[in-house]
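None of the values given here were measured: they were computed from a predicted structure. Whatever order the structure lists them in is the order used to number ligands and atoms, beginning at 1.
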Amino acid sequence: MSNQPQAPTERAEADTVACSVSDGIAWVKFNRPEKRNAMNPKLNRQMLRVIEELEFRSDVGVLVLSGEGAAWSAGMDLKEYFRENEARGLDAIRQAQRECYGLWRRLRWYQKPTIAMVNGWCFGGGYTPLFGCDLAFAAEEAQFGLSEVNWGIIPGGGATKIARELLSFRRAMYHALMGENIDGRTAAEWGLVNEAVPLAQLQARVEQVARALLAKNPVALKATKDAIRRVGEMTYDNAEDYLVRAQEAANFHDNEGRKEGMKQFIDDKTYKPGLAAYDKSKRTEGKR
Ligand code: ACO
């Protein structure tokens with residue numbers, strides 16, 4: 001995986017993230033292939049700008065995050081994020097942490113469904129955007145690793161929490177202590193990603209999933225993705241209460257969509273919710 005183009009000079013901040021929008025899908029890419037998409041302060045700042053700009057656009061319904069070249073992301077940029085900031089002192093370190101934690105927190109609670117399309121290397125700090133995305137699909141050829149231990153730090157910036165959140169205790173412990181890589185197939189088997197497919201089929205599979213999401217009620221999608229994240233830390237009773245209120249709030253924002261969904265099933269008998277989503281285009285009233 002080392003036949004990457006070398007940038008003659010340092011990339012401009014605006015060029016560290018690539019983005020295009022097509023038929024409702026925003027395709028966003030880490031764009032430092034010559035550094036295996038390691039996340040430096042410039043990339044983090046640009047990524048925040050890009051995802052913020054896309055978040056409330058009416059022509060975007062799903063965001064896909066992938067990487068240019070051979071990597072998804074080789075994690076934090078060890079030179080810029082660690083060595084150079086440490087040389088600048090505590091304020092620089094805290095500022096960089098704030099920028100980068102804030103960015104991925106923003107992604108975790110994003111307005112639209114998000115999909116990580118892991119095309120290649122995914123290390124350490126790369127687990128934060130991986131978990132920030134609601135769904136994750138990997139190339140079978142991709143390689144995942146908590147490599148922190150290999151250079152002498154703990155998996156910080158959320159990576160340890162993410163390993164415990166997504167993996168079993170034994171797997172998380174082995175993965176973090178050993179610093180060995182797993183491929184996309186193993187990542188799917190362990191629950192780090194939803195699915196692994198050959199790299200050549202990855203984009204088509206992700207697009208298929210994105211299209212299915214685009215056909216569904218966006219208010220229901222946002223309420224559902226937030227609920228899945230929130231209830232993990234609640235008692236059963238607290239979750240039950242939260243979900244009652246989440247549904248009532250969603251009803252306020254989308255009274256007509258769910259009524260239309262019910263009507264098409266119960267009255268029109270044009271679809272079965274157990275088998276597909278209602279036809280959003282037939283909606284005659286309501287905002288969404
Ligand atoms: N930070 C800074 N620079 C990086 C990083 C990184 N995380 N990853 C790659 N680069 C740079 C390399 O230093 C090299 O720069 P140069 O061309 O100026 O010498 C360039 O990207 C290309 O990297 P190579 O190592 O030559 O690429 P190769 O394809 O042979 O290997 C691999 C890819 C395995 C991803 C390797 O680059 C690597 O091990 N990177 C570090 C992965 C890692 O452990 N990340 C940190 C996780 S911990 C954390 O995020 C907190």
Subject >> Min heavy-atom dist Phe82 to ligand 1 below 4.0 Å >> reply: yes
Original post:
For Gln143, is the nearest heavy atom under 4.0 Å from an atom of ligand 1?
Top reply: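 Heavy atoms of Gln143 never come under 4.0 Å of ligand 1.
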Between [X] and ligand 1, is there a nitrogen or oxygen pair with a distance under 3.5 Å?
X: Leu78; result: yes
X: Met76; result: yes
X: Lys79; result: no
X: Ile153; result: no
X: Glu148; result: no

Subject >> Residue of the set Glu207, Gln208, Gln201, Gln203 for which side chain to side chain donor-acceptor pair (under 3.5 Å) holds with Arg205 >> reply: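 Answer to the side chain to side chain donor-acceptor pair (under 3.5 Å) test with Arg205 among Glu207, Gln208, Gln201, Gln203: Gln208.
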Ignoring hydrogens, what is the shortest heavy-atom contact between [X] and [Y]? Give both atom names and the distance.
X: Asn119; Y: Ala142; answer: C-CB, 4.4 Å
X: Val149; Y: Leu177; answer: CG1-O, 3.6 Å
X: Cys122; Y: Leu130; answer: SG-CD2, 4.5 Å

Original post:
Should the pair Arg185 and Trp190 be classed as cation-pi, given the thresholds of under 6.0 Å to the six-membered ring centre and 45° from the axis?
Top reply: no
**OP:** Find out whether the Lys NZ or Arg CZ of Arg229 is both under 6.0 angstrom from the six-membered ring centre of Phe131 and within 45° of the ring's axis.
**Re:**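 Satisfied, under 6.0 Å and within 45°.
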Original post:
Taking side chain as C-beta onward, heavy atoms only, is Val62 less than 4.5 Å from Lys112?
Top reply: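 Val62 vs Lys112: side chains apart.
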Subject >> Nearest option to atom 50 (O) of ligand 1, as decided by whichever heavy atom of Gly157, Gly125, Ala159 sits closest >> reply: Gly125
**OP:** Check each of Glu34, Arg32, Arg36 against atom 20 (C) of ligand 1 and report the one with the nearest heavy atom.
**Re:** Glu34
Original post:
Judged by atom type as modelled, is there a donor-acceptor pair below 3.5 Å linking the side chain of Arg11 to the main-chain atoms of Asn31?
Top reply: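 It does hold such a pair.
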Near [X], which atoms of ligand 1 are under 4.0 Å from a heavy atom of that residue?
X: Trp151; answer: 48 (S)
X: Ala38; answer: 1 (N), 5 (C), 6 (C), 7 (N)
X: Gly75; answer: 50 (O)
X: Ser147; answer: 43 (C), 44 (O), 45 (N), 46 (C), 47 (C)

Original post:
Ring centres of Trp72 and Tyr127 under 6.0 Å apart?
Top reply: no
